[in-house]
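Values below: all heavy atoms of this structure, side chains included; hydrogens, waters and symmetry mates excluded. Within every chain, numbering begins at 1; the chains are lettered A, B, ... in the order of the sequence lines, protein sequences first and strands thereafter.
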Amino acid sequence: MSAAQSNLSIQDEISAAILQVLRDAQSQLNCEIPTSLTLDRPKNRDHGDYATSIALALAKASGLSPRKIAEIIEAGLKAREDIAAVEIAGPGFVNITLAKSSQGGVIANILSAGKTFGHGNKLTGIAINLEFISANPTGPLHLGHTRWAAVGDALGRVLSAAGAKVTREFYINDRGVQMDKFGASLQAAALGQPRPEDGYHGAYIDDLATEIVSINPDILKLTGEEQVFAFRDLGYRLQLAQQQGVLEKFGTHFEVWFSEKSLYDNNFFAHCQEVLKAKGHVFELDGAIWLRTTDFGDDKDRVMVKSDGSMAYFASDSAYYISKRERGFDICIYMLGADHHGYTGRLKALAACNGDDPEYNVDVLIGQMVKIMEGGEEVKLSKRAGTIITLEELVEKVGVDAARYTLIRYPVDTPMVMDVDILRSRTNENPVYYVQYAHARICGVLRNAADIGIKYGAELIYPELLVHERERELIGALGEFPRTVAGAAELREPHRVARYVEELAGVYHRFYSDCRVLPLGDETPSELHSARATLCSATAQVIANGLELLGVSAPEKM
RNA sequence: GCGCCUGUAGCUCAGUCGGAUAGAGCAACCGCCUUCUAAGCGGUAGGCCGCAGGUUCGAUUCCUGCCAGGCGCACCA
């Protein structure tokens, strides 16, 4: 049975086979057999296509020498047709070289799966709430938000590819003192008065105030609080619409825009308080209502309702979490800025107070700061002062693809520096071009193939002809895509997809320079030309699928 | 004081359950375009993987301590 028919990748088949061999040898090994193992791709190609160190790992428990265990594996795999050679190396590594013909399975899989190649079922049936950005609707989205706009969206795509049912959600902080300060700042700007000291000072406030007055001139006739509220509410609507528009253009789409204010509609908060109370972790002290999060490892208990009767921010956090769970989400992912990392403990404790498993139901990702350099100097960020780099400005400077790609290709827990000058340059200092160029290059080759009548496709794989070292590397790299996507989903690390796609692009470029795809001059078209063109089309598919997961375009021409 | 994150090549950074000779791009130097996109490819050079212990057959990876940098520790939002 071929890999395509079984819908299992060749690695999966072989690792399953090794596990079976080990289980069959249970009596000799006399130790617990692991339920899964992954085959590594050795860096050194003398070590075959795949390698495992399982024999070394089991040596101690079984009391057998690693080499002895390796020999058992070798003997058990020998009969397989899809394996050309099994070698035992060093202290007990098992190196496996695939049969040429079996390598074709990867290409067949890619061509038959098309856009869904790389998708898996690791998270099938799991409903995930993915909350990110969640900016105050009091100003434009800045660079920190932009990192999440790119990474959060990509993570959503990756989780979906792994089978999860993903809902991207933007939590709108539309109540509380920040909103009131926003209203007061807009009012002051419209009336030509000095802004409140602790208000918003960016230049956008003037523009927004002007826009509000032109939409609703009567607002100037209002007085006092009524006028502040009118500015606040209209300003909120305009600013939210502005954020939504910018995000759509950025390719980041939210299924749900969740209003914090709505948590207090229809007594929802009271309901949440009851839910938590019933679980036994709510108490009163000094006239305030608390959640005893210290029962579950938080460093202090948290106030929900203050002694003056107003709602603490944590009241919203609690109600919002309850809402997510009651809406049926199994896993709630929070993507927060580094300045909010202190939230992790209380969010996990909150889940525990609700009777959930904080390690499973809550997943907090902390994103470190983004700095931006331009002209060799750091552009300082200060939202209040208004000298900010916004998402829009960044996109104007470097374009959506470069912005998204660069933000995604680093793990979020490392601080990153974006150099605008580099991102503007169209060289391979700029990895997004390197990858996109590989895709465009392949598309060019395939256009030419069509022009001169070289056929390619699933029935023209000819794996036994693809014996060149570069071809082997390329096929091997293509086969890694599904595992990369699954790992990225499981670890919540979409940057792995970006790194993978860079690696794949590099392997392709090397293949391209060493292996002529199309006939040269008056050379007669052969099966090898078709085989290589087919390999090219599979590669283009995988690069496109990878870029799709990042929300970055895969151009056919550059 | 407590907590989270980070420390890998001159620079920017990869390196999932511990594996074989630690990688990429840039910067430096040397090569490759009369035929598929040179936005590309090949080569040279560049490393106490922060420091010190520990666990292990084996540690950049896990544990402890220390040093350095960033961030946070409200009845603020």
Using a 4.0 Å heavy-atom cut-off, does [X] contact any base of the nucleic acid, only the sugar-phosphate backbone, or nothing at all?
| X | result |
| --- | --- |
| P411(A) | sugar-phosphate |
| L56(A) | base |
| A89(A) | base |
| D308(A) | nothing |
| R532(A) | nothing |
| V517(A) | base |
| H340(A) | base |
| P415(A) | sugar-phosphate |
| E260(A) | nothing |
| R496(A) | base |
| A440(A) | base |
| M416(A) | sugar-phosphate |
| A449(A) | nothing |
| A488(A) | nothing |

message: Checking one value: the base orientation of C36(B), syn if chi is within 90 degrees of 0, otherwise anti.
response: anti
message: Using whole Å, what does the distance between atom P of nucleotide G70(B) and atom OH of Y410(A) come to?
response: 21 Å
- line: Whole-Å distance, Y171(A) OH to A77(B) P, equals 12 Å
field: Worked check of side chain to side chain contact (heavy atoms under 4.5 Å, CB included) between Y334(A) and E131(A)
entry: CA-CA 5 Å; Y334(A) 293 80; E131(A) 182 204 332; 3.5 Å; yes
Check: [N] base within 3.5 Å donor-acceptor of [X] side chain:
| X | N | answer |
| --- | --- | --- |
| D198(A) | A77(B) | no |
| Y512(A) | A39(B) | no |
| T344(A) | C4(B) | no |
| H341(A) | G3(B) | yes |

Indicate whether any N or O donor in one side chain lies under 3.5 Å from an N or O acceptor in the other, for [X] and [Y].
| X | Y | result |
| --- | --- | --- |
| E523(A) | H529(A) | yes |
| D401(A) | S553(A) | yes |
| T138(A) | Q178(A) | no |
| Y405(A) | N430(A) | no |

Return the nearest nucleotide to the side chain of [X]; candidates are [options].
| X | options | answer |
| --- | --- | --- |
| S307(A) | C75(B), G19(B), A77(B) | C75(B) |
| H47(A) | A20(B), C71(B), C36(B) | A20(B) |
| F93(A) | A39(B), C41(B), G19(B) | G19(B) |
| R510(A) | C76(B), G15(B), C41(B) | C41(B) |
| Y434(A) | A77(B), C36(B), G40(B) | G40(B) |
| R441(A) | G19(B), A77(B), A38(B) | A38(B) |

- line: On RNA chain B, more 5' by nearest nucleotide between N95(A) and V303(A) is N95(A)
Can you tell me if [X] touches the phosphate of [N], counting only side-chain N or O atoms and a distance under 4.0 Å to OP1 or OP2?
| X | N | result |
| --- | --- | --- |
| R499(A) | G15(B) | no |
| K557(A) | U37(B) | no |
| K306(A) | C76(B) | yes |
| T414(A) | A14(B) | yes |

